[in-house]
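Notes for the one structure printed next.
Throughout, residue positions are numbered sequentially from 1 according to the sequence presented.
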Amino acid sequence: MSLIVQKFGGTSVANPDKIKAVAQRVIRSRKEGHQVVVVLSAMSGETNRFVDLAHQMQPIPDPREMDVLLSSGEQVTIALFAMAVKAAGYESISLLGDQVKIITDSSHTKARIKSIDTDLLNRHLDSGKIVVVAGFQGVTADDEITTLGRGGSDTTAVALAAALQADFCEIFTDVEGVYTTDPNVCSLARKIDRISYDEMLELASLGAKVLDIRSVGFAKRYKVPVHVRSTFTETEGTWVVEEDDEMESMLVSGVTYSKNEARITISKVPDTPGTASRIFTPISNANIIIDMIIQNTRAGEMTDMTFTVPRTDYARAMAIVKEVTAEIGAESVSGSENIAKVSIVGVGMRNHSGIATTMFHVLSKENINILMISTSEIKVSCVIEEKYTELAVRALHDAFELDKLNQPTIEV
Ligand code: ADP
Ligand code: ASP
Ligand code: MG
C-alpha cells in the first residue's frame, strides 16, 4: 500500500462546499488503495484577516501571541474536513502541530522544523484513518506554539512526507502546476511538466509562491517527489524531482516577482571601516533577513547605503535603523514599501552573456526605472516601483519567448 501526503491550500478549502469536495477527492485516493495524510491551510483570506486584527492591537504585534492567533486558522479547516470525511462514512482524525509533535525552533512567525514524531501518525494510519494535519504550525521543545512563515503549509506537507517516507507529496492549489511565470499575471505563461529541485528552489526564492521555498529544500534533501497540481481539475501537474536528461534546458526558465520586500536607504553614512557592521549587526540580531545591499560612493567622506528587508519586518527594521543612524552620525533614513523585485531565472544563463543587458533593455523600453540590481550565475533581479510589476513580468516573458518550448537551448 502506498502512502501519499496531499496538501490543499487556502483557496481549495475556502468554504464548506469546497471542503466537502476536497474530502471526496481524498476519499477517492483512499479507495484507490493509498494511505493518505492530508495537510490543510486556513480558509483563504483568514491568515490575512488575523494579521490585520493583530495590527489593530499592537503596531508591532508580539510574535508569540501572533503565533497563537495565526495557528488558529488551520485548526478550523482540519476539524471541518475530518467531519466531512466522517459524514461520508470514512474514518478520520484531525491533529494539530503540537499533537503530532512537529518540533520547531523558537523563531516565532518564521520557525524552522527540527523534527517530526511519526508514531502517532503511523498508529492512526495503521488503523485505517485518513489523518488530517494542520499546516503551517509546530511547537517548540518548551511547548510554545509556532508558525512557519507565510505559505508554510507546503513545508509541513513535504516535511511530513519526508518523515513518513511517503511515496510522494501532492500539492493541490488553484493553478495547474508550476508555470514559466505567474499564470494569473501573464496569460501566456506555460506549464512546466518536470522541473529540478534546484531550479524550483531558485524560482521559489525569487517569489514564485506556488511552492514555499523551505518545502523545496526538504524535498531536495530527502528526495521527496512533489507533484504540484490543481484541486479543481484532473490534469497532470508539474513534477518537482531530481534533475534528469529529459528536462527542458532553457536559457531562461522563468520570470518571478516578489512584492514581499521593502527598501531602506540611509543617506550620508560616514565612509569609515566598521560602519556596515554597526548598521547590519543589530538588524541580523533581530532575526531580520536582508536581501540586496547597495553602497554608493559619493564625493567627500560620505556614502549612501540602500538595502531591502522583508516587508513584514519593515517597521521593526526601520526602528532599529533610526537608532543606529543617530549613533553613527548618518544624516537621514528613508524607505519605501512600494517596491517589487522582478527576476529572470535559468541555469542556462550560466554560459551566456548578454541576458542581463536584454533584461535592462526590455525594462527601459517600457519606461520602467530600475532602482536596484543584483545578479548571480543563474538569475538577474531588478527592484522597480511596485506599480510596474505586472507590466515588467509580461514584457520579460514575451521578450525571452517563454511561451515557446523551443527557445534557444544550451549548448553543452
Ligand atoms: P495555496 O493557497 O494553494 O498555497 P498560493 O496562492 O500560495 O496557493 O500559490 C498559488 C499561486 O501562486 C497561484 O495562484 C499563482 O498566482 C501563484 N504563482 C506565482 N508564480 C507562479 C508560477 N511560476 N507558477 C504557478 N503559480 C504561480
Ligand atoms: N495559512 C498560512 C498562510 O496563509 C499558511 C499557508 O497557507 O500555507 O500563509
Ligand atoms: Mg501557498
Take Glu386 and Arg263 through the salt bridge (charged side-chain N to carboxylate O under 4.0 Å, His left out) test and state the conclusion after the steps.
CA-CA 11 Å; Glu386 183 176 357; Arg263 174 187 60 79; over 6 Å; no

Evaluate whether atom CD of Glu366 has more than 12 neighbouring non-hydrogen atoms of other residues, nucleotides or ligands under 6.0 angstrom away. yes

So that I can tick it off, tell me whether Lys7 and Asp212 are bridged by a salt bridge, with the cut-off set at under 4.0 angstrom between side-chain N and carboxylate O. no

Residue set satisfying side-chain contact (heavy atoms from CB on, under 4.5 Å) with Ala315, at least two apart, ordered chain then number -> Ile60

- Task: Considering only NZ, NE, NH1 and NH2 on the basic side and carboxylate oxygens on the acidic side, decide whether Arg28 and Glu234 come within less than 4.0 Å.
- Result: yes

The single option from Asp105, Thr104, Asp98 that satisfies side-chain hydrogen bond (donor to acceptor under 3.5 Å, both in side chains) with Thr146 is Thr104

Heavy-atom nearest pair, Met359 first then Cys382, reads CE-SG, 3.8 Å

Arg221 NZ/CZ over Phe218 ring centroid, <6.0 Å and within 45° of normal: yes

Residues passing the side-chain contact (heavy atoms from CB on, under 4.5 Å) test with Ala161, sequence neighbours excluded, are Val5, Ala166, Cys169, Val224

With sequence neighbours left out, the residues meeting side-chain contact (heavy atoms from CB on, under 4.5 Å) with Ala21 are none

Task: CD (Glu327) with more than 12 external heavy atoms under 6.0 Å - done: yes

Rounded to the nearest 0.5 Å, the CD atom of Glu65 sits from the CD atom of Gln58 at a distance of 8.5 Å

| request: Could you tell me whether the side chain of Thr275 reaches within less than 4.5 Å of the side chain of Asp271, counting heavy atoms only? | output: no

